Amino acid sequence: MSVKKSKLDLLVRVRYSNPLPAPPCPPKLLDIPTNPMRYTKPEFINAVADATPLPMIVDAECGMPLDLAKWACLWEEGVDDSELNPDPKNQPQLDPEDQFLLGDPNATPVPTSSSMPLTPHTAHVPWLRKTEYLSREGVSKASLSQETKQLDAPVDISRAAQIRDIEASFVSSNEAFDLSKLRHPNKPHVTAVESYEIFPDADIWANAYDLFRFSERPGERPVDVEDARLNSAILRPMESDGDHFLAYYLTKDDESAIEFTRARGDRSHASVDEEEPTAFHFVRDYEVVKVEQEVPNEFLLVIDDGDTQDASDAGSESRPERRHKGAYYKNIERKMMLKKKRQNIHEAYLDKWHVVKVSHVPMSKEEEDERDETMAEVMDPMYLLSRGDADAEGEVDDTILAPTGPSGSHTGGESIDITGTS
């Protein structure tokens, strides 16, 4: 008859440390290269500090002796216990040295004697904190206390008060604008030199702009070499095995890119039919790392002084009318972060183009109607009333190809004819 024995008698096996003993003598014949500076680091004695036990001699009262024999009410019945349980209506006089314990820690402490000066309370400061943050903390606390007091003040919401506040908001705009009175909130030495009125940019309002940021400079040229081709590029949406990415195209040389940019700026209706297509060659694929669908706080801003038109061009019919002085803005639709896609020779592409030829054609009736509808947002004063609850933002077709600007911005709005060569 065999008896089976358990290998684990306890739930938790007790393990004992068995450190190696110290060598009997130092190794004199070994040359161990070492850096003497390691002995100056605080971490060098961490092992010694961890192995050294701290002497803690604590008595039965944990260092706080309490003699209960002083109060007879704890041991005898019928004895006055007012010393331990004072009357709330007739409290004993507090010692002057202990009166500061009843005060607010954030308020100014009460001095213990008349000779002590009144000093403001110093907040708890972490170790190695920069001194400039300490001054800001005091200012922020003071401003917060003032804002709290202002919020607690009663607010007049009567009709007469609302009319008064609305009319007061137009005083600064109706009067002469004085730049000398402007002060920067954080930089008092900075002064304003010019002011501009802000308008929506009607010239490019019908275009949809996307901001593309590359993890590395696109193209095959080194960073220190100027590349004029980057001002005009094409990003084409691609798909392979369910993965979506972008194909990047550039012109063959700088002259083609410069000529393409010049033709876009000086184009007239008569030269559209005579224009030769511009060839953009495939460079590489990029994958989208991050997409921001809503960009509420970033805009394209154009500062127009209103005097950029030359006198020789004043009578030219091809030149647009000179705009008023101001800052013209256009919102950004999306922001995308791109990085180089790893090349895979076994990857199957769907409809891959090695060369894209771009030429401009006149806009169709549908494209002109769509552009006029978008332009009505900034040109028609009655747009909101006529549209009602229509979507003023519109929708952007992700499959549209269009050249990109210097910073990767989508510059649509023109009618372009694209022909791909596989």
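Here the structure is a predicted model, which is why all the values come from computation and not from measurement.
- Side-chain contact between K330 and N207 is absent, with no heavy atoms from C-beta onward closer than 4.5 Å.
- Minimum heavy-atom separation, V355 to A279: CG1-CB, 4.1 Å.
- Between Q99 and L101 there is no side-chain heavy-atom pair separated by less than 4.5 Å.
- Rounded to the nearest 0.5 angstrom, F212 CZ and Y248 OH are separated by 11.0 Å.
- Residues that satisfy the side chain to side chain contact (heavy atoms under 4.5 Å, CB included) test with D243, not counting sequence neighbours, are absent from this structure.
- V288 has its side chain within reach of L246: a pair of non-hydrogen atoms, C-beta onward, lies under 4.5 Å apart.
- Annotation: I157, atom CD1; neighbour count of heavy atoms from other residues, nucleotides and ligands within 6.0 Å does not exceed 12.
- The pair D351-R236 meets the salt-bridge criterion, since a charged nitrogen lies less than 4.0 angstrom from a carboxylate oxygen.
- Looking only at side-chain heavy atoms (C-beta outward), H244 and P237 stay at 4.5 Å or farther from each other.
- For M379, the side chain to side chain contact (heavy atoms under 4.5 Å, CB included) partners are A202, M375, not counting sequence neighbours.
- For D380, the side chain to side chain donor-acceptor pair (under 3.5 Å) test picks out no residue, with sequence neighbours left out.
- What you find for G219 and L250 is that their closest heavy atoms are CA-CD1, 4.2 Å.
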Check: residues 184-192 side-chain donor-acceptor pairs under 3.5 Å, at least two apart:
residue: H184; atom: ND1; partner: N186; partner atom: N; Å: 3.1
residue: H184; atom: ND1; partner: K187; partner atom: N; Å: 3.0

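- A cation-pi arrangement is present between K352 and F282, with the terminal nitrogen or guanidinium carbon under 6.0 Å from the aromatic centre and inside a 45° cone about the axis.
- Here V48 pairs with T52 under the side chain to side chain contact (heavy atoms under 4.5 Å, CB included) rule; sequence neighbours left out.
- D305 and Y196 share a donor-acceptor pair across their side chains, judged by distance under 3.5 Å alone.
- In terms of heavy atoms, R217 sits closest to V223 at NH1-O, 2.6 Å.
- For L301, the CG atom counts as densely surrounded, since its 6.0 Å shell holds more than 12 non-hydrogen atoms of other residues, nucleotides or ligands.
- Sorted by first then second residue, the salt bridge (Lys or Arg N to Asp or Glu O under 4.0 Å) pairs that include residues 188-200, not counting sequence neighbours, are E194-K325.
- Put simply, the side chain of R323 reaches to within 4.5 Å of the side chain of D201, judged on heavy atoms.
- Distance CD/E167 to CG/D165: 10.0 Å, rounded to 0.5 Å.
- Judged by distance alone, with hydrogens and angles left aside, the side-chain atoms of Y249 form a donor-acceptor pair with the main-chain N or O of W353 at under 3.5 Å.
- A salt bridge is defined here as a Lys NZ or Arg NE, NH1 or NH2 lying under 4.0 Å from an Asp or Glu carboxylate O, and R371 with E368 fails to meet this definition.
- The line from CG of D285 to CG of L235 is 10.5 Å long, rounded to the nearest 0.5 Å.
- In this structure T251 satisfies the side chain to side chain donor-acceptor pair (under 3.5 Å) test with no other residue, sequence neighbours excluded.
- Between the side chain of R334 and the backbone N or O of V295, no donor-acceptor pair lies under 3.5 Å.
- Scored by the ring pair (Phe, Tyr, Trp, His ring centres under 6.0 Å) test, F199 finds Y328 as partners (sequence neighbours excluded).
- For E220, the CD atom is densely surrounded, since the number of other residues' heavy atoms within 6.0 Å is greater than 12.
- The two residues W205 and T374 have their closest heavy-atom pair at CD1-O, 3.5 Å.
- To the nearest 0.5 Å, atoms CD1 (I332) and OH (Y209) are separated by 10.5 Å.
- Distance check: R342 CZ to F245 CZ gives 14.5 Å after rounding to the nearest 0.5 Å.
- Aromatic rings of F299 and Y329 (six-membered ring for Trp) have centroids within the 6.0 Å cut-off, being under it.
- In this structure the side chain of L179 never reaches within 4.5 angstrom of the side chain of V193, judged on heavy atoms.
- Applying the side chain to side chain donor-acceptor pair (under 3.5 Å) test to D227 and every residue at least two apart in sequence or in another chain returns R221, R229.
- Identified under the side-chain hydrogen bond (donor to acceptor under 3.5 Å, both in side chains) test for residues 33-47, with sequence neighbours left out: T34-R38.
- The shortest distance between side-chain heavy atoms of R213 and K290 does not fall below 4.5 Å.
- Within 6.0 Å of CD1 in I303 there are more than 12 heavy atoms belonging to other residues, nucleotides or ligands.
- Applying the side chain to side chain contact (heavy atoms under 4.5 Å, CB included) test to P277 and every residue at least two apart in sequence or in another chain returns K357, S359.
- For K340, the side chain to side chain donor-acceptor pair (under 3.5 Å) partners are E216, not counting sequence neighbours.
- Counting all heavy atoms, side chain and backbone alike, A228 lies closest to A257 at O-CB, 3.9 Å.
- Rounded to the nearest 0.5 Å, atoms CG (D156) and CD (Q162) are 8.5 Å apart.
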